Number of protein chains: 2
Amino acid sequence: MSWRKEQRRAERGYHHGNLKEALLQAALGLIAEKGAAGFTFADAARMAGVSAAAPYRHFRDRDELLSSIAQRGFEQFESRLTAAWDDGRPDTVTAFERVGRAYLAFAREEPAFYNAMFESGLPVDANPALQAASERAFNVIRAAAERLAALAPPGTPRPPAMMMALHIWSMAHGVASLFSRGDAARRKLPMSPDELLEAEVLIYLRGLGFPTDRRPAKSAEPPPVPPEASSGSGVPPGGPWGKPK
Amino acid sequence: MSWRKEQRRAERGYHHGNLKEALLQAALGLIAEKGAAGFTFADAARMAGVSAAAPYRHFRDRDELLSSIAQRGFEQFESRLTAAWDDGRPDTVTAFERVGRAYLAFAREEPAFYNAMFESGLPVDANPALQAASERAFNVIRAAAERLAALAPPGTPRPPAMMMALHIWSMAHGVASLFSRGDAARRKLPMSPDELLEAEVLIYLRGLGFPTDRRPAKSAEPPPVPPEASSGSGVPPGGPWGKPK
DNA sequence: AGCTCATGTGAACGGCTTTTACATGAGCCG
DNA sequence: CGGCTCATGTAAAAGCCGTTCACATGAGCT
């Protein structure tokens, strides 16, 4: 009856060799399936082929495993946002919107990370490393907002970059957690979450006085790269939303 | 040692008399304290002074209790949003922003409900009654957006009300779940969550072409009520954000 | 070859969820 | 009033999980 476990053991020996990593991977899969709440320490151990007590050699407790995953998640998140931002190329507004799409893409493609980071209820502030990682990710948005704010049309008061960053973050997180994940994604929407967020951001930027109908703006921005005939996903003609019937 | 339980029993008799309600209240308190994930069926039973098996006479399982709470939450939510909207008085934009503040206020003041509704991970779509309640609440925002959209400045394409409603919802939910609750509220922000959301909505509405500097707009809106010298929390002079230094 | 210590095991404790058989007593019926 | 019935409660038990502890194993160093 227990030949399974014995065989497992025979295959890999008494010592696993890479248990910590195996546990992280197992947990990632389980969280993606059943959410951080449904994820079980014992299940991860089973999946790695070790006893229920083994994980305690690598993580103080279940929460520490979760924190480790959230930590990695923030790091990957930061890296993806940074890549999307691409230092503002080919122009600030285009790059800014690409960051928004990257946010949603991450939430969709890495549900386990996203869950651990934002929906697991673990106290980010209680863990300095975690908090720092979270802050580094946010700083990508913040830096992008900074560049954008610097381009504010002359004559109008310049919007605080920090505020813009918080606004953008809240929009992206709102769309992701309400419409882009799990079964909530099944709400019938008139448009895809990506389109929804893109329109939202465009309208917001327009509210700040940024020209958004054509990119790059014909304003004072020095194009770091010759503008390509970009953006198959750019603004549809007639504004950020489809043409009204 | 067990005089406690015996005494409890002596006080209220073998039958509790109102266990279902007592369990709901207990659960509400527990969820507010420890989150939906940390909430325990057994704990609620203990708090109500009954055995661990008693709750099963009133709820199929732990999830059904959670669903009941979410259901009530959506109902109260709807009622509070409806009150805040007040049928668009004294003017549409003012009322619209009041709905935004009511959203945040609900998230802050009823953390247990909000948690059960949006953060407990229970499948809203799987429960028709729950889904319907959720939809009714959203419809308040949707109706408000409808009224607002009808006031779109002439000459510009009229924004779809559904899209506006989804945008506003995502902003409110984003701000609430990132900045307005639990320990995440401790992120040092340059402004309160309420101010943050208010500015976000105002900038967004401006992006749609709505005049937001003074309310009621001097546009075509027929004021249903003589405009009061309202809004101690209205737009500060100089735009939706504070004056830039 | 032998020692040591990181890593893994099994057993055990307490707590939770859920089921089952049984107990209680409130409300109804004659 | 006496007795029946059934909703509502209880205790006990099975199965799972998290966590701890004493003990086993074997990889790597000397």
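Everything quoted here is computed from the prediction, not taken from an experiment. Letters go in sequence order (proteins before strands), and every chain restarts at 1.
With hydrogens and angles disregarded, a donor-acceptor distance shorter than 3.5 Å links the side chain of T82(B) to the backbone of E78(B). Checking side-chain atoms of E97(B) against main-chain N and O of T94(B) turns up no donor-acceptor pair under 3.5 Å.
Residue A54(B) is in base contact, counting any heavy-atom pair closer than 4.0 Å across all strands shown. Residue contacts shown for Y56(B) include a base, since a base heavy atom lies under 4.0 Å away. Nucleic acid contact for G17(B): sugar-phosphate only, since backbone atoms but no base atoms lie under 4.0 Å from a heavy atom of the residue.
Counting to the nearest Å, the C1' atom of dT7(C) and the CZ atom of F59(A) are 14 Å from each other. Atom CZ of R62(A) and atom P of dC16(C) are 15 Å apart (whole Å). Here dG15(D) presents its P atom at 18 Å from CG of D43(A), a figure rounded to the nearest Å. Rounding to whole angstrom units, CG of residue D63(B) and P of dC16(C) are separated by 17 Å. dC16(C) atom P lies 11 Å from atom CE of M47(B), rounded to whole Å.
In the helix from dA1(C)-dT30(D) to dG30(C)-dC1(D), the terminal helix axes, each the rotation mapping four pairs' C1' atoms onto the next four within five end pairs, subtend 10°, rounded to 10°.
Cation-pi geometry between K20(A) and F59(A) is met: under 6.0 angstrom from the ring centre, within 45 degrees of the axis.
Donor-acceptor pairing under 3.5 Å is recorded for the side chains of E200(B) and S170(A).
Counting distance only, with no hydrogens placed and no angle test, the side-chain atoms of R57(B) and the base atoms of dG9(D) include a donor-acceptor pair under 3.5 Å.
Remark: R46(A) is in phosphate contact with dC17(D), judged by side-chain N or O atoms under 4.0 Å from OP1 or OP2. One finds a side-chain N or O of T40(A) lying less than 4.0 angstrom from the OP1 or OP2 phosphate oxygen of dG18(D). H58(A) has no side-chain polar atom (N or O) that falls below the 4.0 Å cut-off from OP1 or OP2 of dA6(C).
Considering only side-chain atoms of L19(B), the nucleotide from dG18(D), dA12(D), dG9(D) that sits closest is dG9(D). Counting only heavy atoms from C-beta on, A53(B) has its side chain closest to dT19(C) among dC17(D), dT18(C), dT19(C). The V50(A) side chain lies nearest to dT9(C) when the options are dT9(C), dC16(C), dT18(C).
Contact check on R80(A) versus E109(A) returns a salt bridge, with a Lys/Arg side-chain nitrogen under 4.0 Å from an Asp/Glu carboxylate oxygen.
A perpendicular orientation is assigned to the rings of F77(A) and Y114(A), their planes being inclined by more than 60° (bins at 30° and 60°).
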